[in-house]
2 protein chains.
Amino acid sequence: MGKPTTKDLAKAAGVSLATVDRVLNARAGVRQATVERVQKAIKDIGFVRDIAAANLARGKDYRLVFLLPDHDDEFLDLIQTALHEANDSMAHERTSTSIIRAPANDPHKVAALLDTLSAEQVDGVAVMASETPHVRDAIARLTARGIPVVAFVSNQPSAENAYFVGINNAAAGRTVGQLMARFTGAAQGDVLVITESMQARDSQERRLGFDAIMARYAPRLHVRPTMETYGDPARTAKIIATSLHNQPHVAGVYLMNHNIKKTMQAIGKFGTPEDTVIIGHELTPRTRACLLMGEMDAVITQDVGHLVRSSIRVLKAKITQLGTVASQERIRIEIILRENMPEANG
Amino acid sequence: MGKPTTKDLAKAAGVSLATVDRVLNARAGVRQATVERVQKAIKDIGFVRDIAAANLARGKDYRLVFLLPDHDDEFLDLIQTALHEANDSMAHERTSTSIIRAPANDPHKVAALLDTLSAEQVDGVAVMASETPHVRDAIARLTARGIPVVAFVSNQPSAENAYFVGINNAAAGRTVGQLMARFTGAAQGDVLVITESMQARDSQERRLGFDAIMARYAPRLHVRPTMETYGDPARTAKIIATSLHNQPHVAGVYLMNHNIKKTMQAIGKFGTPEDTVIIGHELTPRTRACLLMGEMDAVITQDVGHLVRSSIRVLKAKITQLGTVASQERIRIEIILRENMPEANG
DNA sequence: AATTTTCTGAGGCACGCACCTCATTTATTA
DNA sequence: TAATAAATGAGGTGCGTGCCTCAGAAAATT
């Protein structure tokens, strides 16, 4: 005989189907003693609710919202593409995702947007935003309203209950450090570190990890202070120009944020020594091309499709109060060289 | 209004539910013209069968069989663990997996085992075995019997219809080559390549990829002919001992197959220069430990959990004649350093 | 003890689909 | 044209669960 059903449960607990239903769906009007009898029976016979059947009966689908920064870069493009793809393939698993966008560095706007989401319209939320007290509180209010939240790409360690879907950025920084240390061989010189802003927690963590490894394995190299572009092309160009001019030998460059288009353009324009090792984050059309042409030596990335699907699975698991397979939800820090680069739409 | 149902389909096609059912489930007794009318309506209204409901109604579950080699190594252990894990987490998606084992290098036994599987007991099969004519034919017979097959880990390019779940081994070899070339810095000397057997197609492909990159990027190094251990500890020890003795400077070692326990033991015993770069395949407890202790420099691996889940998804898609999300099924060639090593049970 | 309140059981309908039977219509062949 | 075969429609039941109603049973209150 197959998996136990609600009928088996009712029999095992010595109650009726109606009572089983009341307990399973946390409806009122059941004595505590009875609730416990049923719960014991659940464990005894190993009952697990058939979610497919439950969803069918309920006619419900999962409405998930992804809150993303509202600026444009290739990484966000990838995320949106993956979300649309997921939306298509999950439509028949009763799951629909929608995207809302907020200024990345305006915590008030983010918080305000999150506050507009009610449990009537939304079943779960994935938030990609910088960690600030406002955002943290808005997340807390969401969960208080019964809406599960996951932190997406950017961790929210201060927000309890917000499961983090993304990579360990310190480890990512260490990985880049190790590659930089080894790829530079025995070269002497400077290493430039460039990012959009060190405000972002991600950048700080990556830098720390990077420095730790560089200090240990490549003391021959001098790692310069982080240069911030603030996303400004002119500023980026200027920074790069003066850096490349002043440093007689740039052995390596670490592009720490994921919007490296402008930066690579500037580097291409001003030129670096042939053997300069350039490592950056996120596999996008741009970094893909740079790898192929040998302009970049390695890219550290996370699988965007996996990020999206994992967020969806975790949110659904929270909504249905079911468990997840931990190993499936762990996001890998992927090292991409020209040789192991997956095909374009992967 | 939500997704179209069979009722909507019937209306759109101008036929009854019974006919829709006959078409959807490929039952006999429908005129070709009518079949086409229904299929056109399916496209027109974008009907997609609700698999959850269908499975519920059908009371069916997917019985999948994994045919694995019958010897023991850590990689196979990982696969079995992942299979058990998947079995648990898929139980409520009406999917059960079982494992049967056959001597890796006995194509007749493999074929004989595959021939015993009938469509009454089994809905899909994943085959991990060396590519031989016997195996290829047995796979063809399976699909002829209506049982979908995927090639698992080991490709079966000669078996049409057997979708391959695994990595491109030539690319994996190239990746190792690139890492070897860069990690060895400017060192001169020999590179040893060790495997269990060059009979296996995987080993041949890896070697080709490796050589191509080494010739191009590290002509300073001399890559020695492949040494075969045949899985024999004594032979392994002897090979290693003489190699390390004869080669004055071993700059690198490439452990090409996934059963590197004995080999690493031998290497540890006879010792290598401090700066010898050792790279191998598959992240197992053993390679994990070697990475942590600095005995190995990099491990090229494929996510075993992903391999298993992907196989299951692909088989189920074949059974239900549905599509898969290509990007989700692409198995990555993962580069693992100490710094980006996932936790133990990942 | 009588009354109110709180539980509990029995049963039905629905979800989208599979699968079955039987009657009826349409096409094919003699 | 009649006889036969093939195609189609109508309608029912069940999968496991959610959700609702109503009638009784048990417990708590007066």
Side-chain angles (χ1 to χ4, degrees), chain A residues 1-39 41-42 45-62 91-95 123 316 319-322, chain B residues 1-39 41-42 45-62 91-95 123 316 319-322:
Chain A
M1 94 164 207
K3 306 285 152 202
T5 71
T6 42
K7 278 181 195 152
D8 304 322
L9 221 201
K11 202 182 297 173
V15 299
S16 72
L17 271 177
T19 300
V20 162
D21 172 63
R22 291 181 183 111
V23 173
L24 282 181
N25 296 290
R27 276 184 255 280
V30 185
R31 235 180 317 166
Q32 185 55 30
T34 312
V35 172
E36 279 158 17
R37 269 218 337 266
V38 174
Q39 281 167 344
I42 289 179
I45 69 172
F47 171 84
V48 179
R49 186 198 314 236
D50 182 329
I51 312 250
N55 287 339
L56 177 59
R58 197 184 269 130
K60 134 164 205 168
D61 45 13
Y62 302 89
H92 307 287
E93 297 178 32
R94 305 192 143 68
T95 308
D123 301 300
K316 285 176 77 171
I319 294 167
T320 59
Q321 304 183 352
L322 243 65
Chain B
M1 97 166 203
K3 303 287 152 202
T5 71
T6 43
K7 277 179 196 154
D8 304 321
L9 220 200
K11 202 181 299 170
V15 298
S16 72
L17 271 176
T19 300
V20 163
D21 172 64
R22 290 181 183 112
V23 173
L24 282 180
N25 298 291
R27 275 185 255 281
V30 186
R31 233 180 319 165
Q32 185 56 28
T34 312
V35 172
E36 280 158 15
R37 268 218 338 265
V38 174
Q39 282 167 342
I42 290 179
I45 68 172
F47 171 84
V48 181
R49 187 204 309 246
D50 183 330
I51 313 249
N55 287 340
L56 177 58
R58 199 181 265 134
K60 130 164 208 167
D61 45 16
Y62 302 89
H92 305 291
E93 297 179 31
R94 305 191 144 68
T95 308
D123 301 300
K316 286 175 74 171
I319 295 167
T320 59
Q321 304 183 350
L322 244 61

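Every chain is numbered from 1, with letters handed out A, B, ... down the list of sequences.
Rounded to whole Å, the distance from CG on A/Leu9 to P on C/dG9 is 13 Å. Per the geometry, CG belonging to A/Leu17 stands 19 Å off P belonging to C/dA14, to the nearest Å. Look at CD on B/Gln32: it is 16 Å from C1' on C/dA27, rounded to the nearest Å. Atom pair A/Lys7:NZ and C/dG9:P shows a separation of 16 Å (rounding to whole Å applied).
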Between N or O atoms, less than 3.5 Å apart, protein on one side and nucleotides 18-20 of chain C on the other: list the pairs.
{"unit_1": "C/dA18", "atom_1": "OP1", "unit_2": "B/Asn25", "atom_2": "OD1", "d": "3.3"}
{"unit_1": "C/dA18", "atom_1": "OP1", "unit_2": "B/Arg49", "atom_2": "NH1", "d": "2.4"}
{"unit_1": "C/dA18", "atom_1": "OP2", "unit_2": "B/Asn25", "atom_2": "ND2", "d": "3.4"}
{"unit_1": "C/dC19", "atom_1": "OP2", "unit_2": "B/Arg27", "atom_2": "NH1", "d": "3.0"}
{"unit_1": "C/dC19", "atom_1": "OP2", "unit_2": "B/Arg27", "atom_2": "NH2", "d": "3.3"}

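A close approach under 4.0 Å does not occur between any side-chain nitrogen or oxygen of A/Ser16 and OP1 or OP2 of C/dT8.
Side chains of B/Asp21 and B/Leu17 form no contact here, defined as non-hydrogen atoms less than 4.5 Å apart. Side-chain contact check for A/Lys3 versus A/Asp50: every heavy-atom pair is 4.5 Å or farther apart. In this structure, B/Asn25 and B/Arg58 have side chains that are in contact, with non-hydrogen atoms separated by less than 4.5 Å. For the pair B/Val38/B/Val35, no side-chain contact is recorded, criterion being any heavy-atom separation below 4.5 Å from C-beta on. Residues A/Val30 and A/Thr19 meet the side-chain proximity criterion, which asks for heavy atoms closer than 4.5 Å.
Taking the nucleotide of DNA chain C with the nearest heavy atom to each of B/Arg31 and B/Phe47, the more 5' of the two is matched to B/Phe47.
Using a 4.0 Å heavy-atom cutoff across all strands shown, A/Gly59 reaches no nucleic acid atom at all.
Considering only residues two or more places apart in sequence or on other chains, A/Asp61 meets the side chain to side chain contact (heavy atoms under 4.5 Å, CB included) condition with A/Arg63, A/Arg94.
Listed here is the closest heavy atom pair of A/Pro4 and A/Gly46: CG-O, 3.7 Å.
A 4.0 Å heavy-atom criterion places the boundary nucleotides of DNA chain D facing chain B at D/dA7 to D/dG16, written 5' to 3'.
Looking at A/Arg49, its side chain does come within 3.5 Å of a backbone N or O of A/Leu24 through a donor-acceptor pair.
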